[in-house]
Asks: 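Quick one: the structure is below, questions incoming.
FYI, side chains are in, hydrogens and waters are out, and symmetry mates aren't considered; it's all heavy atoms of this structure. Indexing begins at 1, ligand by ligand and atom by atom, following the structure's order.
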Amino acid sequence: TQAPVNVTVTGAAGQIGYALLFRIASGQLLGQDTPVRLRLLEIPQAVKAAEGTALELEDGAFPLLAGIDIFDDPKQAFEGTNVALLVGARPRTKGMERGDLLEANGGIFKPQGEAINAGAADDVKVLVVGNPANTNALIAKAHAPDVPAERFTAMTRLDHNRAVAQLAKKLGVAVTDIRKLTIWGNHSATQYPDIFNAEVKGQNAAEAVNDQAWLENEFIPRVAKRGAEIIEARGASSAASAANAAIDHVYDWVNGTPEGDWVSMGVPSDGSYGVPEGLISSFPVVCKNGSYEIVQGLEINDFSRSRIDASVGELVEERDAVTKLGLV
Ligand code: NAX
């Protein structure tokens, strides 16, 4: 069998961490042939809670779990890491301006980027889940100049999965009948779920829906504001579905996307579709042999263009703000 893969999870004692760690230990992150060694990073006050989760992980007697180590120092936590899941972040609290939020997260993602640069394995893959995910990924990437930029990604897979599920529901089909859906832009309320290039049982999805009012007034806002809907209903933010999406993101990146389909990932732009180079923006991507490529040549109609531009414009503003703060 293979040597264990080192997986670092930050914010391990949080609610997404709790849902995520057991699925990693059971082999769902990388596959059933791949043993994993978990490296958990928390802030000092939450180390004890992470230790509690580690006790439960031990009690799972997971055949693929080769070990668990817990740290409060990023330098140690990212030593030798092959897969880094950056979940822990500073949430927006009452009265906090966007600049304050970006600055507080800079204080987390800058040292983590540096630690990844210094100690991670050569093949490291990074997924940022903690919000604002795209810009946090941009900050981490900026402080890891020795790591290829494309290894820094941000999670829009939850948005992607939400959009697939809502579209399947509208059309009365199975989620497996939907292909080639795309989330463009920022993981925020400006994100754009695109069904014009999607297919349902081989037919164009926008034609199958044939209802622009539903698209504009129900589907897009529902997907974009689903996080708020979950908070309203559950009294807490999305956790198991977010963990599920993180599993999907990394699994597909490592093991490849199915033939004839693609997924959405926040990745550094190469200038495709007019998105400024270097911004971490969500694109349609195809994964193969452990790497990904942005799907090229899609037709972008005027409606899609204006939605993509609005979300990318927000990413530009976030980048300008963190540039001013000296964080990138
Ligand atoms: P929790 O508040 O339950 O957990 C966060 C954990 O991170 C805490 O245990 C905290 O101690 C830890 N932490 C804080 N700073 C840290 C640091 N410097 N190093 C290591 N650990 C640190 O939040 P949870 O519900 O688990 O959500 C985590 C993040 O995911 C939030 O930023 C949230 O906004 C974001 N989300 C992103 C989603 C996406 O689609 N990209 C969807 C779900 C979620 O909202």
Asks: Tell me whether Asp159 has any N or O atom under 3.5 angstrom from an N or O of ligand 1.
Replies: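 No, no N or O pair falls under 3.5 Å.
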
Asks: Using 0.5 Å steps for rounding, measure from the CH2 atom of Trp184 to the CG atom of Asn197.
Replies: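 So the CH2 of Trp184 and the CG of Asn197 are separated by 7.0 Å.
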
Asks: Quick test: of every protein heavy atom, which one is nearest to atom 9 (O) of ligand 1, and how far off is it to 0.1 Å?
Replies: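 For atom 9 (O) of ligand 1, the nearest protein heavy atom is Glu42 OE2, 2.6 Å.
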
Asks: Do Thr10 and Leu85 come close enough that some side-chain heavy atom pair is under 4.5 Å?
Replies: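 With C-beta onward as the side chain, the pair stays apart.
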
Asks: Have a look at Ala89, Gly11, Ala239 and point out the one with the heavy atom closest to atom 14 (C) of ligand 1.
Replies: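 When every heavy atom of Ala89, Gly11, Ala239 is considered, Ala89 comes closest to atom 14 (C) of ligand 1.
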
Asks: Is any N or O atom of Gly17, backbone or side chain, closer than 3.5 Å to an N or O atom of ligand 1?
Replies: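 No; every N/O pair is 3.5 Å or more apart.
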
Asks: Can you find a non-hydrogen atom of Ala13 under 4.0 Å from ligand 1?
Replies: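 Yes.
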
Asks: Please confirm whether the backbone N or O of Gly130 pairs with a side-chain atom of Asn136, one donor and one acceptor, at under 3.5 Å?
Replies: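 Yes: the side chain of Asn136 pairs with the backbone of Gly130.
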
Asks: Name the one of Glu293, Gln296, Glu277 that satisfies side chain to side chain donor-acceptor pair (under 3.5 Å) with Ser272?
Replies: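 Only one of Glu293, Gln296, Glu277 forms a side chain to side chain donor-acceptor pair (under 3.5 Å) with Ser272, namely Gln296.
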
Asks: Looking only at protein heavy atoms, identify the closest one to atom 3 (O) of ligand 1 and say how far it is in Å.
Replies: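 The closest heavy atom on the protein side is Gln15 N, 2.9 Å.
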
Asks: Heavy-atom contacts with Val87 under 4.0 Å: which atoms of ligand 1 show up? List them by number with element.
Replies: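 Result: 28 (C), 29 (C), 30 (O).
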
Asks: Can a donor-acceptor pair be found between the side chains of Trp253 and Thr153 at a distance below 3.5 Å?
Replies: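 No pair is found: no donor N or O on one side chain lies under 3.5 Å from an acceptor on the other.
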
Asks: Can you tell me which portion of Val129 lies within the under-4.0 Å heavy-atom range of ligand 1? Options are side chain, backbone, both, or neither.
Replies: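 Both backbone and side chain.
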
Asks: Could you tell me whether a side-chain N or O of Asn131 sits under 3.5 Å from a main-chain N or O of Ala133, the two making a donor and an acceptor?
Replies: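 Flag set: sc Asn131 to bb Ala133 pair under 3.5 Å.
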
Asks: Report yes or no: does Arg157 have a heavy atom closer than 4.0 Å to ligand 1?
Replies: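 No, that is not the case, since the closest heavy atom of the residue is not under 4.0 Å from the ligand.
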
Asks: Starting from atom 43 (C) of ligand 1, what is the nearest protein heavy atom, named by residue and atom, and what distance separates them?
Replies: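 Minimum-distance protein heavy atom for atom 43 (C) of ligand 1 reads Ala242 CB, 3.5 Å.
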
Asks: Where is the nearest protein heavy atom to atom 45 (O) of ligand 1: which residue, which atom, and how far?
Replies: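 The closest heavy atom on the protein side is Asn131 ND2, 3.7 Å.
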
Asks: In the protein, which heavy atom is nearest to atom 17 (C) of ligand 1, and how far is it?
Replies: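 The closest one turns out to be Ile43 CG2, 3.7 Å.
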
Asks: Please tell me if the side chains of Glu42 and Asp72 come closer than 4.5 Å, counting only heavy atoms from C-beta onward.
Replies: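 A side-chain contact under 4.5 Å is absent here.
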
Asks: Any nitrogen or oxygen of Ile16, side chain or backbone, less than 3.5 Å from one on ligand 1?
Replies: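 There is such a contact, yes.
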
Asks: Indicate the atoms forming the closest heavy-atom contact of Pro193 with Ile183, along with that distance.
Replies: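 Shortest heavy-atom contact: CB-CD1, 3.7 Å.
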
Asks: Please report which non-hydrogen protein atom sits nearest to atom 4 (O) of ligand 1, along with the residue it belongs to and the distance in Å to one decimal place.
Replies: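 Protein heavy atom with the smallest distance to atom 4 (O) of ligand 1: Gly14 CA, 3.1 Å.
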
Asks: Give me the residue, atom name and distance of the protein heavy atom closest to atom 38 (C) of ligand 1.
Replies: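 I find the closest protein heavy atom is His187 NE2, 3.6 Å.
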
Asks: Can you check whether Thr10 has an N/O within less than 3.5 Å of an N/O in ligand 1?
Replies: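 Min N/O separation from ligand 1 is not below 3.5 Å for Thr10.
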
Asks: Under 4.0 Å from any heavy atom of Met155, which atoms of ligand 1 are there?
Replies: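 In order of number, 39 (C), 40 (O), 41 (N).
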
Asks: Heavy-atom count around Asp302 CG within 6.0 Å, excluding the residue itself: above 12?
Replies: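 No, not enclosed.
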
Asks: Relative to ligand 1, is Gln112 under 4.0 angstrom through side chain, backbone, both or neither, heavy atoms considered?
Replies: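 Near ligand 1, Gln112 shows its side chain, while the N, CA, C and O stay back.
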
Asks: For atom 42 (C) of ligand 1, grab the closest protein heavy atom and report residue, atom and distance to one decimal in Å.
Replies: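 I find the closest protein heavy atom is Leu158 CD2, 3.7 Å.
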
Asks: Can you name the nearest heavy-atom pair linking Ile280 to Ala137, along with the distance?
Replies: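 Taking Ile280 first and Ala137 second, the nearest heavy atoms are CD1-CB, 3.9 Å.
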
Asks: Should Lys141 and Pro268 count as side-chain neighbours, where that means a heavy-atom distance under 4.5 Å?
Replies: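 Of all side-chain heavy-atom pairs linking Pro268 with Lys141, at least one is under 4.5 Å.
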
Asks: So, do Ile294 and Tyr273 sit near enough that their side-chain heavy atoms are less than 4.5 Å apart?
Replies: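 The answer is yes; the side chains approach within 4.5 Å.
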
